2 protein chains.
Amino acid sequence: MDSLDHAIIAELERDGRISNVELASRIGLTPGPCLRRVQRLEASGVIRGYRAVVDPEALGRSFEVILQVDLASQETSVVEGFEREVAALDEVVEFKRLFGTPDYFVRVAVADLASYESFLTRRIMSVRGVGKLSSHFAMKNLKG
Amino acid sequence: MDSLDHAIIAELERDGRISNVELASRIGLTPGPCLRRVQRLEASGVIRGYRAVVDPEALGRSFEVILQVDLASQETSVVEGFEREVAALDEVVEFKRLFGTPDYFVRVAVADLASYESFLTRRIMSVRGVGKLSSHFAMKNLKG
DNA sequence: GGTGAAAGCTAGCCGGC
DNA sequence: GCCGGCTAGCTTTCACC
């Protein structure tokens with residue numbers, strides 16, 4: 001992981017579909033060694049994969065909500081069931097367990113307010129162990 | 001945006017570096033028409049770009065914190081200054097303005113607890129208008 | 001949506017530093 | 001051990017049906 005590797009990573013984070021020839025010329029290397037570095041970064045797990053970035057509007061997911069969840073119980077079976085069920089939901093874009101309060105942080109992406117009401121009522125409130133819910137609606141996306 | 005377009009988007013979200021030949025065969029099309037669809041999706045803005053997914057550990061960014069911010073003032077100049085300065089910080093991975101409380105939601109990725117203390121003190125607390133700060137540390141990443 | 005041909009890229013191999 | 005040049009084979013991409 002020298003400065004060339006970091007340059008490669010920076011370019012591929014910016015545009016993951018750049019050709020190897022173009023990438024090589026940008027970091028100041030010829031295509032052969034450049035490709036070898038990329039392959040080594042992929043094999044070692046530094047580069048985990050490549051994803052297309054899709055406009056949320058086009059997929060009916062432009063309404064973002066930050067949902068904070070506290071469980072009513074911290075029994076192992078309740079915790080494991082909650083984590084498994086919530087992680088499996090398509091509307092859940094991001095899902096973290098936190099230290100302290102709240103117990104969980106969930107980022108949800110749906111089409112509109114009505115979809116969110118339905119999601120919360122039918123998908124979240126029906127999960128065993130759910131205690132307190134607190135929804136925070138995104139006004140504006142400033143980064144990420 | 002028919003079912004073939006949706007299939008293309010699903011495949012490219014899963015692997016954004018798949019070859020056009022492979023993509024065409026997966027969605028049941030020949031390479032020519034498949035490429036035309038991809039190009040149309042890119043030109044229309046449905047596909048915004050492609051990104052390499054990099055292991056946060058390799059970049060010294062495996063310590064994630066959810067930071068909630070309330071401003072002391074909602075003056076236009078204070079709000080605009082705060083948003084501009086925070087969005088420009090490398091450690092800030094995600095940044096949203098919310099309705100209600102808190103005013104802002106910030107996701108931060110740094111190397112460790114010491115880096116976070118330094119980030120909060122030197123980069124956030126120095127910004128004009130910052131009122132209440134509340135940090136929530138991620139224990140476990142369950143999705144996203 | 002499919003076909004075919006030209007241009008460009010990938011990925012292996014070998015020599016040099 | 002890593003870079004650079006070369007070549008064979010494949011992919012991308014375009015005009016045309």
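Chain identifiers are assigned alphabetically (A, B, ...) following the order of the sequence lines, protein sequences preceding nucleic acid strands; residue numbering begins at 1 within each chain. Not measured: the values here are computed from a predicted model.
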Check: A/F105 ring centroid to B/F105 ring centroid under 6.0 Å: yes
Spacing of A/L35 atom CG relative to D/dC6 atom P, expressed in whole Å: 18 Å
Distance test, side-chain N/O of A/Q39 to OP1/OP2 of C/dT10, below 4.0 Å: no
B/E117 vs B/T121, side-chain hydrogen bond (donor to acceptor under 3.5 Å, both in side chains): CA-CA, chis, key distance, verdict: CA-CA 6 Å; B/E117 189 274 330; B/T121 309; 3.2 Å; yes
Smallest separation among heavy atoms of B/L98 and B/P102, with atom names: CB-O, 3.5 Å
Under 3.5 Å donor-acceptor, B/S126 side chain and B/R122 backbone: yes
Side chain to side chain donor-acceptor pair (under 3.5 Å) involving A/R61 - partner list, sequence neighbours excluded: none
The single option from B/L41, B/V46, B/I47, B/I27 passing side chain to side chain contact (heavy atoms under 4.5 Å, CB included) against B/D5: B/L41
Between C/dG1 (C1') and B/D5 (CG): distance, integer Å: 13 Å
Rounded to 10 degrees, the angle between the two terminal axes of the helix from C/dG1-D/dC17 to C/dC17-D/dG1, each from five pairs: 30°
Heavy-atom side-chain contact between A/L120 and A/L67 under 4.5 Å: yes
Stretch residues 13-25 of chain A: residues that reach within less than 4.0 Å of DNA chain C through a heavy atom: A/S19, A/N20, A/V21
Nearest-nucleotide pick for A/R37, side chain only, options being C/dG1, D/dC3, D/dT12: D/dC3
Partners meeting side chain to side chain donor-acceptor pair (under 3.5 Å) with A/R128 (sequence neighbours left out): A/S77
Please tabulate, one pair per line, all N/O donor-acceptor pairs under 3.5 Å involving side-chain atoms of residues 82-92 of chain A, not counting sequence neighbours.
unit_1: A/E83; atom_1: OE2; unit_2: A/Y104; atom_2: OH; d: 2.6

Just the atom pairs and distances: protein N or O near nucleotides 2-8 of chain C's N or O, under 3.5 Å.
unit_1: C/dG2; atom_1: OP2; unit_2: B/T30; atom_2: N; d: 3.3
unit_1: C/dG2; atom_1: OP2; unit_2: B/T30; atom_2: OG1; d: 3.0
unit_1: C/dG2; atom_1: N7; unit_2: B/R36; atom_2: NH2; d: 3.4
unit_1: C/dG2; atom_1: O6; unit_2: B/R36; atom_2: NH1; d: 3.0
unit_1: C/dG2; atom_1: O6; unit_2: B/R36; atom_2: NH2; d: 3.1

Residue pair A/V78 / A/G129: nearest heavy atoms and the distance that separates them: CG1-CA, 3.6 Å
